[in-house]
Amino acid sequence: HGGNIDGFAALVALLPESNLGFVLLTNVSSTSLQQSVRGLVWNALLGAPPAADAAHASDADDGFADFVGAYTANFGPYRDATFEVLVRGDRLALAIPGQAAFELLEPNAKGRRPFALVPDQLEVDFQRDPAGRVVVLDLYQSGFRFELPRAGYVPPSDLAGEDPAPYLGSYRDPRIQDLIQVVVQNGRLACDYPGQMVYALRPPAHGDDGHGGDHIWRFRVSDTFGLEFHLGDDGRAASLTFHERGTTRICPRVGGEGVSDLLTTDGLLELRRSAARGDALRALGATRMTGTVRFVHAGIDGSIETLFDGPERFAQGTTFEPFGWSRSGYDGERGWTDSPFAPSDEPSGKRLAQLRLSHPTTSIGDWSRTFDSVRVTRAAEIDGRHHWVVRLKTDEAPELVAFVDSLTGDVTRMESETIVPGLGALSQTTTFGDYRDVGGLRFPFAIDVEDAATGRFSVRYATIETGVELAPDAFSRR
């Protein structure tokens with residue numbers, strides 16, 4: 001049983017039949033140790049269990065064989081996470097990353113399989129294609145239905161005969177004072193809601209659809225949410241009505257295509273002098289930055305040393321005497337993390353791409369070379385200063401949202417989702433301040449990071465040395 005509150009996370013785990021138990025106490029709001037430590041402790045004390053799941057899956061009887069396999073989750077904290085349906089004894093089970101394999105009961109009166117552990121809270125059922133093959137797992141929780149397509153399955157487009165172009169663009173939601181984006185994703189009209197997820201929409205059923213044959217595009221996760229578009233004289237949506245649990249609000253369109261009244265990408269790169277930034281960064285040579293760090297909610301202070309050479313290679317180390325240390329780095333091809341609090345790791349895929357973007361100069365460098373897509377989405381005010389809000393994407397890493405001062409080109413805030421093993425994707429906000437000129441670049445000497453796992457982590461750099469000599473293995477694990 002785990003427990004979390006601001007600044008503290010705990011876990012109690014018991015194996016009564018083995019007369020074993022342990023308690024984990026930490027000074028952070030949330031930690032992946034809560035998920036990973038159980039297996040480490042039990043395996044250390046009792047030995048690793050046999051790899052039975054794969055055998056069960058391959059021996060699944062005809063009643064279960066259709067369902068066994070991997071399904072892809074993109075909702076809540078999950079980004080391209082794999083949920084696996086397998087067989088445990090004489091039951092189906094659903095393995096959720098970072099948690100456990102939960103046994104499923106037989107279908108109930110609604111045709112859904114409840115979780116044996118919490119049958120009144122979580123249920124699943126499955127969708128089949130016209131050939132009868134299971135292609136989607138539906139997970140029901142708190143009144144929502146989340147669709148998890150089977151690995152390799154691409155749902156057919158439901159826009160046949162419907163031109164989505166008049167609806168696409170940005171709309172200002174007065175409730176959150178931010179923009180929602182109407183986009184096409186995986187052949188479906190969808191609503192990209194700030195800070196949440198991209199919600200696929202179901203086309204209106206112009207007949208007896210249970211809603212009077214209205215013209216509302218309803219959220220596929222719950223039909224209590226929906227968008228109703230209002231077309232202008234030019235045939236394009238001038239606004240939309242956001243339907244939410246029986247309430248409505250009008251969201252006007254922003255600009256022609258939602259971005260035509262904003263700074264262009266070329267204009268942004270010119271504002272930031274991107275090419276000059278890249279040249280200046282390479283001219284610095286090997287660089288060492290030193291300063292202090294503080295975990296604000298844990299009350300722990302330490303020191304930090306950051307090394308980098310150009311926009312690719314870097315290494316960073318923190319020391320918190322007498323509590324421990326952490327190290328991470330990227331040598332241009334491989335990345336690594338190391339600390340006494342978690343197993344050493346060499347991330348791959350999205351986590352490696354995420355580590356690469358944690359380079360200390362990502363916020364100040366040449367974005368045209370770092371990212372595959374740079375797009376200005378709206379304007380905003382922060383502390384009374386005008387900013388451009390920019391979405392930065394690469395093929396693999398989670399998207400970054402940067403707030404760029406429209407006068408200086410400095411990034412004052414960056415929002416992202418960081419992938420944490422055992423916890424999934426967690427929202428993270430980084431603020432930058434105390435900019436100083438170093439070798440033709442403006443470096444932030446004050447950096448504050450906030451997320452649910454660590455609370456607030458503050459860095460205050462004191463020195464930057466350029467053109468230093470570094471050991472050949474400076475960017476490799478030692």
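In this chain, residues are counted from 1 in sequence order. On a predicted model such as this, the values are computed, not experimentally measured, just so you know.
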Side-chain ([X]) to main-chain ([Y]) donor-acceptor, under 3.5 angstrom:
X	Y	value
Thr362	Ser358	no
Ser326	Ser339	no
Arg313	Phe475	no
Thr394	Ala397	yes
Asp437	Gly440	no
Thr264	Gly267	yes
Ser328	Thr337	no
Trp388	Thr377	no

Is it true that atom [atom1] of [X] has more than 12 heavy atoms of other residues, nucleotides or ligands lying nearer than 6.0 Å?
X	atom1	answer
Asp473	CG	yes
Arg385	CZ	no
Gln196	CD	yes
Arg273	CZ	no

Does a side chain donor of either [X] or [Y] reach within less than 3.5 Å of an acceptor in the other side chain?
X	Y	value
Gln181	Ser170	yes
Thr292	Ser303	no
Gln316	Thr306	yes
Tyr330	Glu333	no
Thr287	Thr466	no
Ser406	His387	no
Tyr435	Arg442	no
Asp434	Tyr461	no
Asp80	Thr72	no

Is any side-chain heavy atom of [X] less than 4.5 Å from a side-chain heavy atom of [Y]?
X	Y	result
Val389	Val401	yes
Trp336	Ser344	no
Phe457	Val296	no
Val136	Tyr153	yes
Thr430	Glu450	no
Ile382	Phe403	yes
Phe371	Leu357	yes
Leu189	Trp217	yes

Q: Evaluate salt bridge (charged side-chain N to carboxylate O under 4.0 Å, His left out) for Asp366 paired with Arg277, printing each intermediate quantity in order.
A: CA-CA 6 Å; Asp366 182 359; Arg277 286 172 180 257; over 6 Å; no
Q: Run the numbers on Leu94 and Leu92 for side chain to side chain contact (heavy atoms under 4.5 Å, CB included), then give the verdict.
A: CA-CA 7 Å; Leu94 180 63; Leu92 280 180; over 6 Å; no
Q: Let me see the working for Ile176 and Tyr193 under side chain to side chain contact (heavy atoms under 4.5 Å, CB included), right down to the final yes or no.
A: CA-CA 10 Å; Ile176 60 173; Tyr193 200 85; 3.4 Å; yes
Drop me the distance from [X]'s [atom1] to [Y]'s [atom2], to the nearest 0.5 angstrom.
X	Y	atom1	atom2	result
Leu281	Glu312	CG	CD	10.0 Å
Leu148	Asp138	CG	CG	8.0 Å
Leu122	Gln141	CG	CD	4.5 Å
Arg175	Cys251	CZ	SG	9.5 Å
Leu441	Arg436	CG	CZ	15.0 Å
Tyr171	Arg253	OH	CZ	3.5 Å

Q: Start with the C-alpha gap between Val374 and Leu268, add the side-chain angles, then the distance that decides, and say whether side chain to side chain contact (heavy atoms under 4.5 Å, CB included) holds.
A: CA-CA 9 Å; Val374 179; Leu268 174 75; 3.7 Å; yes
Salt-bridge criterion met for [X] and [Y] (N-O under 4.0 Å):
X	Y	result
Asp338	Arg327	no
Arg460	Asp448	yes
Glu103	Arg88	no
Arg334	Glu346	no
Asp410	Arg272	no
Arg188	Glu147	yes
Lys393	Asp372	no
Glu396	Lys350	no

**Q.** Quiz item: cation-pi between Arg249 and Phe242, 6.0 Å / 45°
**A.**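 Output yes; distance and angle both within limits.
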Taking all atoms of both residues into account, what is the closest heavy-atom pair of [X] and [Y], and its distance?
X	Y	answer
Phe75	Ala73	CE2-CB, 3.7 Å
Gly329	Leu355	O-CD2, 3.4 Å
Leu392	Ala402	CD1-CB, 4.1 Å

**Q.** Sub-6.0 Å ring centroid separation between Phe295 and Phe320
**A.**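 Between Phe295 and Phe320, the centre distance is under 6.0 Å.
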Q: Could you go through the salt bridge (charged side-chain N to carboxylate O under 4.0 Å, His left out) check for Asp345 and Arg351 one step at a time?
A: CA-CA 11 Å; Asp345 188 23; Arg351 290 181 54 237; 2.3 Å; yes
Q | Intermediate values then yes/no, side chain to side chain contact (heavy atoms under 4.5 Å, CB included), Val293 and Asp301 | A | CA-CA 6 Å; Val293 293; Asp301 296 284; over 6 Å; no
Q | For Phe323, ring pair (Phe, Tyr, Trp, His ring centres under 6.0 Å) partners two or more places apart | A |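 Once residues adjacent in sequence are excluded, Phe323 has no partner under the ring pair (Phe, Tyr, Trp, His ring centres under 6.0 Å) criterion.
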(Q) Pair Tyr199, Asp192 - check side chain to side chain donor-acceptor pair (under 3.5 Å), show working. (A) CA-CA 6 Å; Tyr199 294 94; Asp192 187 350; over 6 Å; no
